[in-house]
Number of protein chains: 2
Amino acid sequence: MEDGTAERIRPRDRILETARDMFHKHGIKGVGVDAITEAAGTNKMTLYRHFESKDDLVIECLRATACSANAMWQKFEAEHPGDKLAQLHAWVRMAADCLMMDGRGCDMANAAIELSETDHPARRVIKELKQAQRDRLVGLCRDAGIGQAELLADTLSLLLEGARVSLQSVGAEGPSAQFVRMAEGLITSFRAR
Amino acid sequence: MEDGTAERIRPRDRILETARDMFHKHGIKGVGVDAITEAAGTNKMTLYRHFESKDDLVIECLRATACSANAMWQKFEAEHPGDKLAQLHAWVRMAADCLMMDGRGCDMANAAIELSETDHPARRVIKELKQAQRDRLVGLCRDAGIGQAELLADTLSLLLEGARVSLQSVGAEGPSAQFVRMAEGLITSFRAR
DNA sequence: CTAGGGTGTTACCGGTCTGTAACTTCTAGA
DNA sequence: TCTAGAAGTTACAGACCGGTAACACCCTAG
């Protein structure tokens with residue numbers, strides 16, 4: 001029978017969660033499978049019984065990250081049902097919160113930079129997941145009644161992506177500090193057109 | 001006497017140039033010192049006679065990159081002497097050209113993402129070089145007579161940084177394709193204030 | 001011509017990496 | 001209680017990494 005406290009998590013899930021955290025903090029090439037399994041309280045053999053390779057583990061981590069992002073979008077809808085403009089502002093607020101709490105950027109973007117081999121299996125996944133997020137933001141802008149929805153969504157995307165990487169290179173006092181002001185200004189400007 | 005054709009470049013410079021190219025293409029952790037020296041037509045010992053360590057080589061590469069960027073700024077001033085607004089538009093054009101030619105992003109930003117250790121010696125250098133570039137762009141915006149010069153410069157910075165990383169994750173058909181339109185629109189909008 | 005510094009060559013050190021084999025131990029379900 | 005599969009353990013292979021030692025070479029300045 002299952003432990004009522006649900007404390008005993010399956011090794012596969014422990015590995016996945018630990019790997020996500022460590023990849024996020026130290027980068028993919030900055031952490032080895034041994035370190036992951038040790039931190040997850042298990043061993044290398046168990047990892048390779050559940051994942052074909054380290055690359056496979058990386059891909060599963062990225063999918064899990066996308067899944068978390070999906071949960072965010074559902075939260076926006078739940079908190080502001082039907083009010084697409086409020087959801088857009090919630091997106092900005094969430095992005096800003098992640099910015100100042102986190103310090104490290106987007107896992108997919110970081111992975112894309114680290115895995116420079118153009119035929120790396122993770123790149124396909126990154127591209128399609130990022131594309132899905134873009135479509136989602138475009139849809140939100142459109143449903144919020146904004147005329148040039150694609151342009152606003154793409155501009156917001158680039159601003160956030162830029163803020164994340166700027167945070168890591170210039171630091172928190174750099175341009176990324178103005179993210180909310182820029183994003184809100186853009187939304188206002190696009191709504192006025 | 002020196003070779004008149006200047007074909008015989010010093011090993012140090014060959015290593016530096018080769019390392020810049022390979023770090024740019026494959027990332028810092030993605031290329032070893034052996035591969036660099038081989039591609040530079042020399043050997044590991046010579047590398048370590050000129051550079052204290054791989055980290056030291058990385059830092060010198062970043063400084064060289066900053067130097068190339070400085071040359072760009074001088075070109076702007078030379079092509080549009082005194083006309084700061086024209087120089088700002090030239091900056092946008094140059095950024096867009098780099099975007100579609102290159103495929104890989106900014107060396108400093110990529111390095112900052114790859115070298116996640118907060119105490120890595122290269123991070124200090126990255127921060128100060130990036131800060132200098134930011135100051136330069138702010139100064140250009142201010143001299144071009146734009147009121148909220150800092151905000152415009154920071155927005156343009158984030159847009160470019162975002163476009164570079166988006167190019168690597170989503171691809172060339174993604175949001176980065178609209179960079180020029182966004183940047184020019186921003187400049188127009190800020191000038192009208 | 002000669003001395004010396006820059007360079008090339010080879011071999012090596014200790015460490016880390018991904019991935020596997022063989023075997024033991026644990027645990028859940030019938 | 002018995003059994004099958006999941007998980008843990010140990011050891012290892014093979015490759016690559018950054019960095020160093022010792023020595024041979026070449027080329028140029030004097």
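Per chain, numbering begins at 1; letters A, B, ... match sequence-line order.
- In this entry the distance linking CG of A:D55 with P of C:dT18 reads 10 Å, nearest Å.
- Of the side-chain N and O atoms in A:T42, none sit less than 4.0 angstrom from OP1 or OP2 of D:dA7.
- Between the CZ atom of A:F23 and the C1' atom of C:dT18 there is a distance of 12 Å, given to the nearest Å.
- At least one side-chain nitrogen or oxygen of A:T46 sits closer than 4.0 Å to the OP1 or OP2 atom of D:dG8.
- Regarding B:D34, its CG atom lies at a distance of 8 Å from the P atom of D:dG18, rounded to whole Å.
- Residues A:R164 and A:S176 fail the side-chain proximity criterion, which asks for heavy atoms closer than 4.5 Å.
- A:R10 has its CZ atom 11 Å from the P atom of D:dG8, to the nearest Å.
- No side-chain N or O of A:S53 forms a donor-acceptor pair with one of A:D56 less than 3.5 Å apart.
- Along DNA chain C, the nucleotide nearest to A:V31 and the one nearest to B:R12 differ in position, and the one closer to the 5' end is contacted by B:R12.
- Side-chain to base pairing of A:R49 with D:dG8: one donor and one acceptor N or O lie within less than 3.5 Å of each other.
- Phosphate contact (OP1/OP2 of D:dA6, side-chain N/O of A:H50, threshold under 4.0 Å): absent.
- When the shell of 6.0 Å around CD of B:E117 is examined, it contains more than 12 heavy atoms from other residues, nucleotides or ligands.
- If you measure from atom CG of A:L115 to atom P of C:dT18, you get 13 Å, rounded to the nearest angstrom.
- Rounded to whole angstrom, the span from the OH atom of A:Y48 across to the C1' atom of D:dT9 amounts to 17 Å.
- A chain of hydrophobic side-chain contacts below 4.5 Å, direct or via other Ile, Leu, Val, Met, Phe, Trp or Tyr residues, connects A:V58 to A:M108.
- A 6.0 Å sphere centred on CD of B:E17 holds no more than 12 heavy atoms belonging to other residues, nucleotides or ligands.
- You'll find that the side chain of A:N43 is closest to D:dG8, out of D:dT20, D:dG8, C:dG19.
- In the set D:dT20, D:dA7, C:dT20, D:dT20 carries the atom at the smallest distance from any side-chain atom of B:M45.
- When the P atom of C:dT18 is taken as reference, atom CG of A:L47 falls 10 Å away, rounded to whole Å.
- Not a single donor-acceptor contact under 3.5 angstrom links the side-chain atoms of A:K54 to the base of C:dG19.
- Between B:K29 atom NZ and D:dC17 atom C1' there is a gap of 13 Å when expressed in whole angstrom units.
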